[in-house]
Protein chains: 2
Amino acid sequence: MKCNCELKGYLSYLVLWIISKKNMTGAEISKELEKRRGTKPSPGTIYPVLKELKDKGLITCDGNKAYSLTYKGKTELKQSCSFFCKMFYDIKDMFDCCK
Amino acid sequence: MKCNCELKGYLSYLVLWIISKKNMTGAEISKELEKRRGTKPSPGTIYPVLKELKDKGLITCDGNKAYSLTYKGKTELKQSCSFFCKMFYDIKDMFDCCK
DNA sequence: ATAGTTATATTGGATAACCAATATAAAAAT
DNA sequence: ATTTTTATATTGGTTATCCAATATAACTAT
């Protein structure tokens with residue numbers, strides 16, 4: 001446990017979430033992550049994640065390299081959201097906490 | 001990346017958050033985590049986390065083994081909350097997603 | 001077409017996160 | 001007091017997560 005802020009492990013979940021809102025290329029996803037995290041993920045971070053999600057059949061990639069969720073990916077994301085929201089059911093208080 | 005649902009990395013953050021609401025013993029913290037995650041963390045998970053947080057000066061332990069945040073811990077938690085909330089600024093949509 | 005730039009992808013490795021197994025200590029019950 | 005149960009703690013090791021470095025491919029501009 002190096003730094004709580006890093007929240008290791010959220011990344012692939014977040015990538016699914018980001019793609020669910022809009023089909024995006026790797027570069028676009030990286031930019032979106034930069035907005036959220038403050039730092040852009042290294043290519044060695046983002047592309048292996050995309051590859052794994054693809055290998056697991058959760059996302060597909062069209063001719064323009066834009067990634068989108070498969071049906072399986074949508075299902076998986078719903079489950080993850082469900083888990084996430086249960087885990088952080090009191091996140092509203094967290095928003096208040098840092099104000 | 002085994003399973004997004006595991007959200008590896010959230011644990012120490014969550015422990016800080018839980019303690020911030022109420023001073024608790026290791027056993028109580030475990031129960032609270034079980035409520036959120038579905039499974040109780042193994043002793044080999046929770047106690048090393050508590051030890052590390054203690055070693056980092058973020059929590060202290062009173063005579064009854066109840067853990068509480070130090071000033072440093074409160075500061076750290078605020079930062080983590082801030083980061084977390086920026087990362088998941090659109091978490092409201094996630095709540096909708098799994099309904 | 002060629003050079004320069006940007007995007008995509010792979011590899012290898014470091015380390016953080018976690019758990020199972022075990023040990024010890026404390027509390028409760030008989 | 002002794003047994004049983006529960007809580008706390010440690011150790012050792014596995015795996016996931018992530019990044020730096022590098023390579024390749026695909027655009028853009030001249």
Separation of dT15(D) atom P from Leu11(B) atom CG, nearest Å, is 20 Å

Residues pairing under side-chain hydrogen bond (donor to acceptor under 3.5 Å, both in side chains) where one sits in residues 14-23 of chain A, two or more places apart or in two chains, turn out to be Trp17(A)-Asp90(B), Lys21(A)-Asp90(B)

Contacts of Lys35(B) meeting salt bridge (charged side-chain N to carboxylate O under 4.0 Å, His left out) (sequence neighbours excluded), chain-then-number -> Glu32(B)

In whole angstroms, the gap separating P of dA7(D) from CD1 of Ile29(B) amounts to 13 Å

So do Ile29(A) and Ile19(A) actually touch side chain to side chain, heavy atoms under 4.5 Å?
-> yes

Given Leu14(A) and Arg36(A), is the side-chain contact (heavy atoms from CB on, under 4.5 Å) satisfied, shown in steps? CA-CA 10 Å; Leu14(A) 200 49; Arg36(A) 292 174 184 254; 3.9 Å; yes

For a quick test of reading the model: is some side-chain N or O of Arg37(A) closer than 4.0 Å to OP1 or OP2 of dC19(D)?
yes

Lys92(A)/Asp96(A) salt bridge by N-O under 4.0 Å criterion = no

Glu52(A) atom CD is separated from dC18(D) atom P, nearest whole Å, by 11 Å

Contact string for nucleotides 7-13 of chain C, one letter per nucleotide 5' to 3', B = base within protein heavy-atom range under 4.0 Å, S = sugar-phosphate only, - = neither, reads SBBBB--

Here the distance between atom P of dC18(D) and atom CD1 of Ile46(A), to the nearest Å, is 10 Å

Whether the side chain of Lys72(B) engages the backbone of Lys56(B) through a donor-acceptor N/O pair (distance < 3.5 Å, no angle test) should be reported.
yes

